[in-house]
Amino acid sequence: MAVSQEDIAYEIFSWLPAKTICKFGLTCISFSNFHKETLFKTKQSCNLLGMNDTCFFLQHDQISQRYQKRIELHHLPKEQQQLSGVPNNVLTFLSNSACVLASSNGLLLCHTINDDPLELFICNPITKSCFFIPTPESVRKNHNNSNINIMLDCTHCSSDDYLIFYFENTNEWSSYTCNIYHGKEGAWKGVENNFLSGGRNMKFDTPVIHNGTLHFISDCSNYFTRLSPFYKPYIMSYSFVEGTSSILKLPREAIKGFHVECNMGIFNWGKVTSSNTSICLVKSRKSVFTIWILKDYKSCSWQKILKVRVNALGLEEKDAHVTGFTVMNGNILVFSTKHKIYSCGLDEETFMMVEEIGSHSCGSNPHFISYSNTLRSCGANDKTMSC
């Protein structure tokens, strides 16, 4: 059967970033409607699941109108800004009107900052579409914009759906109810068994889904005595299918000195679509990075892959102090200092190759949000963003 040029273009375009597709659509009438077709949106967003994110949002740690660039967009080295990114008017809208809570496969989960009560919404910055979701009452009354324990996932559901997990602290200490919002169904559903987090506070803003189970790392604050079973930081897993919670121990070296100038985070290791994925643990203490990979889940066996002083990475800054970090695409450490952002390769080909990404103005504790440039739909009843 003969294949038409339009069919070939359809396949090629489905592998391109959404911003590029929209630009090409302006130059050729036969391609101009691709990004409007539901099947094409689905195909393109599915294709990009297996590709690297090219950029990320950096969000100021303070939600205030006096910060003019509260949300910034940055590209990884060697990524061309004109091929993927977010329109300037959308970025301005987000900076002035929203707090970005999470991102997955081109969709952003946000809450309003100028409304009382708060409202949650899903948006796609490229298609400029958004959908306000039913907001839990405890979130609506959250006037200080803190402790919203919520996450977004588009990778473990059908291509026309998304999942939002919301954890609400109960009256019982260290016990959280879990409610899941299904975008396709448009409704929240509660999980029967609560998430039991142990004694420590959890970092809900850096979740990892591994083997179909949610994982969160605890904080490193020194508020327990040595006799307490929760004196040392740890990882808690939560199966939202079975409703079970369990603890994963950290490497001994990671626990050493955890209560002094220490920050730890967990991230996905490896491609999301690969079967060979794991959990990556990053520890930043006194401007020293130490990174481990979970090699055996059942025995909690970790392998250290890197330990390096930030000042030994060849940065132009002297006495650089790390203010934040993340791991993108399962193999790139991205970190910030007071004014700069850098990337450091962690795989065999780019190991310890450090590149400066640029400057930032997002304060002393910025939040990293990896972003994929897709056409993924916010839902059947989405509306156009007011920007």
Side-chain angles (χ1 to χ4, degrees), residues 53 56 101-104 149-153 155-156 165 167 174 176 178 195-221 230 232-240 244-259 261-272 274 276-285 288-308 322-336 343-344 346-347 365-370:
D53 289 356
F56 59 92
L101 300 169
S103 171
S104 182
N149 307 321
I150 201 163
M151 62 171 290
L152 171 68
D153 179 53
T155 62
H156 297 82
F165 298 86
F167 292 88
S174 302
Y176 296 81
C178 177
F195 168 50
L196 305 179
S197 64
R200 288 185 164 274
N201 296 320
M202 294 287 105
K203 294 186 177 182
F204 286 99
D205 58 340
T206 56
V208 170
I209 298 182
H210 179 60
N211 292 336
T213 302
L214 288 168
H215 297 79
F216 306 97
I217 192 169
S218 70
D219 65 0
C220 295
S221 300
F230 305 116
K232 302 172 183 177
Y234 50 84
I235 295 172
M236 286 299 300
S237 70
Y238 178 66
S239 171
F240 51 89
T244 56
S245 308
S246 58
I247 192 168
L248 277 75
K249 293 183 178 180
L250 299 179
R252 289 185 179 180
E253 187 179 350
I255 296 171
K256 184 178 180 181
F258 70 87
H259 55 282
E261 296 181 37
C262 181
N263 185 18
M264 287 193 279
I266 56 172
F267 309 94
N268 287 105
W269 179 258
K271 298 289 184 184
V272 174
S274 170
N276 189 28
T277 60
S278 188
I279 298 175
C280 173
L281 170 66
V282 180
K283 176 183 179 182
S284 172
R285 181 176 183 268
V288 175
F289 276 121
T290 313
I291 302 177
W292 295 264
I293 305 301
L294 184 61
K295 299 301 292 183
D296 186 80
Y297 192 90
K298 291 184 178 180
S299 64
C300 282
S301 174
W302 297 84
Q303 177 186 352
K304 183 169 66 176
I305 63 168
L306 177 67
K307 183 172 185 178
V308 62
V322 175
T323 58
F325 57 84
T326 188
V327 173
M328 288 184 61
N329 301 325
N331 60 9
I332 303 174
L333 174 68
V334 180
F335 64 95
S336 61
S343 69
C344 176
L346 298 177
D347 60 8
N365 186 29
H367 181 43
F368 290 82
I369 305 153
S370 185

Task: Note, Thr326 side chain near Phe267 side chain (heavy atom, < 4.5 Å) - done: yes
Task: Non-hydrogen side-chain atoms of Phe240 and Leu214 separated by less than 4.5 Å - done: yes
Open item on the list: Could you measure the distance from the OG atom of Ser343 to the CD1 atom of Ile332? Nearest 0.5 Å is fine.
Closed with: 6.5 Å
Task: Step-by-step side-chain contact (heavy atoms from CB on, under 4.5 Å) determination, Leu346 to Leu306 - done: CA-CA 8 Å; Leu346 298 177; Leu306 177 67; 3.9 Å; yes
TODO: Please lay out, stage by stage, how Ile150 and Phe165 fare under the test side-chain contact (heavy atoms from CB on, under 4.5 Å).
DONE: CA-CA 5 Å; Ile150 201 163; Phe165 298 86; over 6 Å; no
Open item on the list: I'd like to check Lys283 versus Leu250 (side-chain heavy atoms, cut-off strictly below 4.5 Å). Are they in contact?
Closed with: no
Open item on the list: I'd like to know whether Ile279 forms a side-chain contact (heavy atoms from CB on, under 4.5 Å) with Trp292, so could you lay out the CA-CA distance, the side-chain angles of the two residues, the decisive distance to 0.1 Å, and finally the verdict.
Closed with: CA-CA 8 Å; Ile279 298 175; Trp292 295 264; over 6 Å; no
Open item on the list: Quick one: does any side-chain atom of Asp153 pair with a main-chain N or O of Thr155 as donor and acceptor, under 3.5 Å?
Closed with: yes
For residues 296-304, which side-chain N or O atoms pair as donor and acceptor with protein atoms under 3.5 Å away, sequence neighbours left out?
from	atom 1	to	atom 2	distance (Å)
Asp296	OD2	Ser299	N	2.9
Asp296	OD2	Ser299	OG	2.6
Tyr297	OH	His215	NE2	2.6
Trp302	NE1	Lys249	O	3.0
Lys304	NZ	Glu253	OE1	3.0
Lys304	NZ	Glu253	OE2	3.4

- [ ] For the residue pair Val327 and Val334, establish whether any side-chain heavy-atom pair is separated by less than 4.5 Å.
- [x] no
Task: Under 3.5 Å side-chain donor-acceptor pair for Ser336 and Thr323 - done: yes
TODO: Determine the minimum heavy-atom distance between Phe230 and Gly198, stating which atoms define it.
DONE: CE2-CA, 3.5 Å
Open item on the list: Rounded at 0.5 Å granularity, tell me how far CG in Leu101 sits from CD1 in Ile369.
Closed with: 8.0 Å
Task: Nearest-0.5 Å distance, CD1 of residue Ile291 to CD1 of residue Ile305 - done: 5.5 Å
TODO: Could you pull out the closest heavy-atom pair between Ser218 and Arg200, with the gap in Å?
DONE: OG-CD, 3.5 Å
Task: Met264 vs Leu281 side-chain heavy atoms within contact, under 4.5 Å - done: yes
Task: Minimum heavy-atom distance Asn329-Asp53, with the two atoms named - done: OD1-N, 2.7 Å
Open item on the list: Between Phe289 and Leu333, is there a side-chain heavy-atom distance shorter than 4.5 Å?
Closed with: yes
Task: CD1-CG distance between Ile217 and Asn201, expressed to the nearest 0.5 angstrom - done: 13.0 Å
Task: Pairwise distance CG(Leu248) to CD1(Ile235) - rounded to 0.5 angstrom - done: 5.5 Å
Open item on the list: Donor-acceptor pair, distance only, cut-off 3.5 Å: does the side chain of Thr213 make one with the backbone of Ser237?
Closed with: no
Task: Taking every non-hydrogen atom, the tightest pair across Ser370 and Phe56 - done: CA-CB, 3.9 Å
Open item on the list: Within the supplied structure, the quantity of interest is the number of heavy atoms (other residues, nucleotides, ligands) at a distance under 6.0 Å from Lys232 NZ; does it exceed 12?
Closed with: no
Open item on the list: Is any side-chain heavy atom of Phe325 closer than 4.5 Å to one of Val282?
Closed with: yes
Open item on the list: In this structure, is the centre-to-centre distance between the rings of Phe204 and Phe216 below 6.0 Å?
Closed with: yes
Task: Nearest-0.5 Å distance that lies between atom OH in Tyr176 and atom CE in Met236 - done: 11.0 Å
- [ ] Tell me yes or no: between the side chains of Asn263 and Ser284, is some donor less than 3.5 Å from an acceptor?
- [x] no
Task: ring-ring contact (aromatic ring centres under 6.0 Å, His included) partners of Tyr238, counting only residues at least two apart - done: Phe167, Phe195
